[in-house]
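Data first, discussion second: the structure below is written as structure tokens.
None of these values were measured; they are calculated from a predicted model. Chain letters run A, B, ... following the sequence lines, proteins first, then strands; residues in each count from 1.
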Amino acid sequence: MNETQHNTDSSADTEEKWNPKIVAFLCNWCSYAGADLAGVSRIQYPATVRVVRVPCSGRVNPLFVLRALQQGADGVLVAGCHPGDCHYLTGNYFARRRFLILARLLDFCGIEPERVQFAWVSASEGQKFAELIRAMTAEIKALGPAQRMVRKIALVPPEVSQALETE
Amino acid sequence: MKSDRTELQQLAHQLLESGQAEVVLGHTRGSDPLTAVPLFAARPEQLEALVYDFTCGFNLARFVRRFENRRVAVVTKGCDERSLIGLIQEKQIRRELLIVIGVPCAGVIDPRLVRLHLREQVVRVSRTGEELEVVLASGDKRTLPLTDLIHRACRVCRVRNPRFADYLIGEQITQPAVSEFDPEIENLAAASRSRRWVQFRREMDKCILCLACRNVCPACYCSTCFAESSQPRWLTRTSDVSDAMFFHLSRLMHLAGRCTGCGACERACPMGVRLGLYTERLRKDVKELFGFEAGVDPAVEQPFACFRLDDTNKVFR
């Protein structure tokens, strides 16, 4: 079990080409709106993030994060309204406690903390959202593609999926 | 810790015959002399098999919930009592229907440690003072110091005597000064991330997803466990190690703030997965971050059922 990063063997060329896949759970009222503002304002940031819109950061089940990691996400972001500004008043307070514990547990197990990150982003913080994605992308690029919790065994055997495709 | 069979059996008889209890939950000999199994006694003649000793590591709080409206008497160690308090707090069992038969406990043995020392099938065990006399299948006899064989969770136990027992069997045990949490957790936390990953990976590689840990846990009582849910299908039980990781990390998140550290899960695991490392880490985190210990004070709200406005924003950018 070594920690060789993805890039040590490959050429600089491949390193440039690989981009992390970041799954972001964004709360509808603040962080998703913030991301939307970044888009509308045409602020440039890496196209690495895949957004899942949830009503509230409190809706985000820690199992979502684990699932994303298992299915090959190189990074996961959970973002919500700033404490005190939750549209549902208290959802983000519960999320705050929950994800603090999750972060510490993952770190204790050796999952890189740069891969699972949390942020408060308000609806007006388009710039902050872009900065956040830029920073996360850079941090995760340095780590290389996710390997630790990724499922390696295909759920559908290749022979079966190929057969299904040709039907 | 004495083997108080007679006193316990007498009390159990009295409770059943007087109608104070409809069921007595205790322990009895199973096929493995190192591990007692649960006993459900509804009739006095079933109490002949009732035992209590250092092989009784099962957490009987696990079964109380299924006896919904019946009066149940439970043989309760200090750790079991914490689980009972947790269940009462979560409104899963009613205190007024419960009769707590408290048993002071100096620790249960870890069958794995015994087998590590002996590597042969054990036919009979008995205790003499601070030593364990073991009779092997070959007929050989060995003597091992009891302290070497006590389960890891019991070494940091701070509840040797049940605090809310309705009846107490035997004498109270002096509570030795023990470190609050297993020092091994500190060591692992201080180690490099690579080392921590290797440890986690090694433990998860052993896991066969038999779910015994979940089956024995008093805090795991969901009627449809996430592990068996098909919509959504959280867990795919393949031989891929990520499945074991997903299961354990998820279960740990469900246990956060609720796990009392009884160690029953670790004792139940057929593969020797060191679950205690992770449950202990969670307990320590919950204590440090929220000042909460599961099953200690039923008046204190559980940490993930509440929040404070001034909770730390650590980890949030």
Note: Phe290(B) and Leu100(A) closest approach over all heavy atoms is CZ-CD2, 4.4 Å
Would you say the side chain of [Y] lies within less than 4.5 Å of the side chain of [X], judging by non-hydrogen atoms?
X: Asp243(B); Y: Gln70(A); answer: yes
X: Arg193(B); Y: Pro113(A); answer: yes
X: Phe108(A); Y: Ile185(B); answer: yes

[X] atom [atom1], over 12 foreign heavy atoms within 6.0 Å:
X: Lys91(B); atom1: NZ; result: no
X: Glu180(B); atom1: CD; result: yes
X: Trp234(B); atom1: CH2; result: yes
X: Tyr32(A); atom1: OH; result: no

From CA spacing to verdict: side chain to side chain contact (heavy atoms under 4.5 Å, CB included), Arg104(A), Glu288(B): CA-CA 12 Å; Arg104(A) 287 173 74 124; Glu288(B) 279 173 3; 3.4 Å; yes
Rounded to the nearest 0.5 Å, how far does [atom2] of [Y] lie from [atom1] of [X]?
X: Leu235(B); Y: Leu66(A); atom1: CG; atom2: CG; value: 11.5 Å
X: Gln147(A); Y: Ser242(B); atom1: CD; atom2: OG; value: 13.5 Å
X: Glu112(A); Y: Trp197(B); atom1: CD; atom2: CH2; value: 8.5 Å
X: Leu255(B); Y: Ile101(A); atom1: CG; atom2: CD1; value: 12.0 Å

Can you tell me how the ring of Phe307(B) sits relative to the ring of Phe94(A), calling it parallel under 30°, perpendicular over 60° and tilted otherwise?
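Ring orientation of Phe307(B) relative to Phe94(A): perpendicular.
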**Request:** Look at the rings of Phe99(A) and Phe316(B) and say which category their plane angle falls in: under 30° parallel, 30 to 60° tilted, over 60° perpendicular.
**Result:** perpendicular
Under a 4.5 Å heavy-atom cut-off, does chain A meet the side chain of [X], its backbone, both or neither?
X: Leu289(B); value: side chain
X: Arg308(B); value: both
X: Ala191(B); value: neither
X: Thr312(B); value: both
X: Pro303(B); value: both
X: Ala189(B); value: both

Contact leader toward chain A among [options], where contacts are heavy-atom pairs under 4.5 Å:
options: Lys314(B), His254(B), Met253(B), Met245(B); answer: Met253(B)
options: Met204(B), Arg196(B), Gln199(B); answer: Arg196(B)
options: Val286(B), Val241(B), Thr238(B), Leu282(B); answer: Thr238(B)

Give a yes or no on whether the backbone of [Y] and the side-chain of [X] come within a donor-acceptor separation of less than 3.5 Å.
X: Asp240(B); Y: Arg151(A); answer: no
X: Arg317(B); Y: Leu132(A); answer: no
X: Arg96(A); Y: Leu309(B); answer: yes

Arg59(A) meets the salt bridge (Lys or Arg N to Asp or Glu O under 4.0 Å) criterion, sequence neighbours left out, with none
Only counting residues at least two apart or in another chain, list the ones meeting salt bridge (Lys or Arg N to Asp or Glu O under 4.0 Å) with Arg160(B).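 Residues passing salt bridge (Lys or Arg N to Asp or Glu O under 4.0 Å) with Arg160(B): none at all.
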So for [X], is it side chain, backbone, both, or neither that comes closer than 4.5 Å to the heavy atoms of chain B?
X: Val121(A); result: neither
X: Asp107(A); result: both
X: Ala95(A); result: backbone

Ordered numerically, the heavy-atom neighbours of chain B under 4.5 Å found in residues 75-87 of chain A are Pro83(A)
- Task: Could you have a look at Leu69(A), Leu102(A), Val116(A) and say which one has the most heavy-atom pairs with chain B under 4.5 angstrom?
- Result: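 Ranked by heavy-atom pairs under 4.5 Å with chain B, first place is Leu102(A).
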Contacts of Phe164(B) meeting side-chain contact (heavy atoms from CB on, under 4.5 Å) (sequence neighbours excluded), chain-then-number -> Glu81(B), Ile85(B)
Query raised in the report: Does the cation-pi check pass for Arg98(A) over Phe304(B), that is, NZ or CZ under 6.0 Å from the six-membered ring centre and within 45° of its axis?
Result: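 Relative to the ring axis of Phe304(B), which defines the angle, Arg98(A) lies outside at least one limit.
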